Each structure stands twice: as structure tokens, then as C-alpha cells.
Amino acid sequence: MNNKVGKDDFVQGFVPNHNHGSVDYTSMAGDHVHQCLDVTSPPIPTQDGGHIHFTEGYVMFENGHNHHYRAYSGPPIPVGNGMHVHYYDFYTSVDDGHHHHVKGVDHPAPGTK
């Protein structure tokens, strides 16, 4: 019997050690956008029994530069079928005289809490 949980397994409750990926674009600034490809940290428990995730990285090189970011997600949002997502909303570092806004939801992961 295999007790491992994969990204397509539907699970009620909390799934330890999971993470989330996302593919998004930044807001427009300086007449361009950047693609943001991301994978979060494993879950960080919160006092209310839920969890959040930390993420850090760089947006894709565009228009001669890139930007760095560090951010925490919001709490889990159940989306049905034993899966959940997290909302994120952050700004990149200032590079080349501007920054970008990134917001959205990450890809679903197993668990509802």
C-alpha cells in the first residue's frame, strides 16, 4: 500500500510538507510585464490551525532587467474535491526605476486546511 500523497490526490484536512506552484504575470510598469514562475515553501502553521506559505524568487528577465520578491501567502482557500489554493498579493523590488505588482492564486494542492 502506498501512503504517499501526490498533487492530484484529493485529501480532507491538512497535508504536511505540500507546496504550491504558480505561473502569473506582473502588472504593467515601464511599458512591460514579467512572467513570474513560483514554487512556495512547505506549509507554515498559523495560530488558527491553518497554514500559509513563504515564497522568494525572481521574475523572468525582461526589458534588460529582473526583479526580486519575498512574500507570504494568505490562508488556505478550499476549492472543492479535497483541494485548496492560497491568495497572494505582493510587490517586487524596485529595479530600473520601478516595481511591479503581483497578485492571484496559486495552483491547487491536496488538503482543505
Side-chain angles (χ1 to χ4, degrees):
M1 176 183 217
N2 184 354
N3 292 331
K4 295 188 181 209
V5 175
K7 69 177 181 63
D8 297 320
D9 293 325
F10 304 132
V11 178
Q12 296 297 321
F14 178 71
V15 176
N17 302 316
H18 75 277
N19 61 2
H20 297 262
S22 66
V23 178
D24 214 331
Y25 287 91
T26 67
S27 64
M28 176 81 72
D31 296 327
H32 67 279
V33 299
H34 297 265
Q35 190 174 37
C36 186
L37 308 171
D38 188 62
V39 176
T40 69
S41 72
I44 301 165
T46 56
Q47 289 184 352
D48 65 0
H51 71 280
I52 59 173
H53 295 271
F54 176 74
T55 187
E56 177 177 20
Y58 290 88
V59 297
M60 298 292 288
F61 183 84
E62 183 65 49
N63 204 33
H65 66 280
N66 63 15
H67 300 267
H68 182 257
Y69 59 89
R70 289 180 177 184
Y72 288 93
S73 74
I77 303 166
V79 292
N81 291 330
M83 304 292 269
H84 73 282
V85 297
H86 296 265
Y87 180 71
Y88 52 88
D89 187 342
F90 60 88
Y91 287 88
T92 67
S93 60
V94 175
D95 294 281
D96 198 31
H98 66 278
H99 66 237
H100 295 269
H101 191 198
V102 182
K103 64 180 177 176
V105 295
D106 50 25
H107 293 173
T112 57
K113 298 180 181 178

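Owing to the predicted nature of the structure, the values given are computational and were not obtained by experimental measurement.
Criterion: ILVMFWY side-chain heavy atoms under 4.5 Å apart, direct or through other members. Under it, Y91 and V94 are not part of a common hydrophobic cluster. In the hydrophobic cluster analysis, where Ile, Leu, Val, Met, Phe, Trp and Tyr join through side-chain heavy atoms closer than 4.5 angstrom, M28 is grouped together with Y25.
Side-chain N/O atoms of D38 and Y69 include a donor and acceptor closer than 3.5 Å.
Between Q35 and V23, the closest heavy-atom pair is NE2-CG1, 3.6 Å. Between A109 and N19, the shortest heavy-atom contact is CB-O, 3.8 Å. Considering every non-hydrogen atom in both G104 and Y87, the closest pair reads O-CD1, 3.2 Å. Between V85 and H20, the shortest heavy-atom contact is CA-CE1, 4.3 Å. Closest approach of T26 to V59, counting heavy atoms only: CG2-CG1, 3.9 Å. Taking all atoms of both residues into account, the shortest heavy-atom contact from T55 to V39 is OG1-O, 3.9 Å.
Proximity of a side-chain donor or acceptor of S22 to a complementary backbone N or O of H107 within less than 3.5 Å is not detected. D106 places a side-chain N or O within 3.5 Å of a backbone atom of H86 that can act as its donor or acceptor partner. Not one N or O on the side chain of H101 forms a donor-acceptor pair closer than 3.5 Å with the backbone of D89. N81 places no side-chain N or O within 3.5 Å of a backbone atom of M83 that could act as its donor or acceptor partner. Put simply, the side chain of H34 gets close to the backbone of M60: a donor and an acceptor are under 3.5 Å apart.
If you take CG on D96 and NE2 on H67, they are separated by 7.0 Å, rounding to the nearest 0.5 Å. How far SG of C36 is from CZ of F90: 4.5 Å, rounded to the nearest 0.5 Å. Atom-to-atom distance recorded for S73:OG and H51:NE2 is 6.5 Å, nearest 0.5 angstrom.
Between T112 and H84 there is no side-chain heavy-atom pair separated by less than 4.5 Å. T92 is listed as a side-chain neighbour of V102, based on a closest heavy-atom distance under 4.5 Å. No side-chain heavy atom of E62 sits less than 4.5 Å from a side-chain heavy atom of H100.
For F54, the CZ atom sits in a packed shell: over 12 heavy atoms of surrounding residues, nucleotides or ligands are nearer than 6.0 Å. D31 CG: 12 or fewer foreign heavy atoms inside a 6.0 Å radius. In Y58, the OH atom is not crowded: 12 or fewer heavy atoms of neighbouring residues, nucleotides or ligands sit closer than 6.0 Å.
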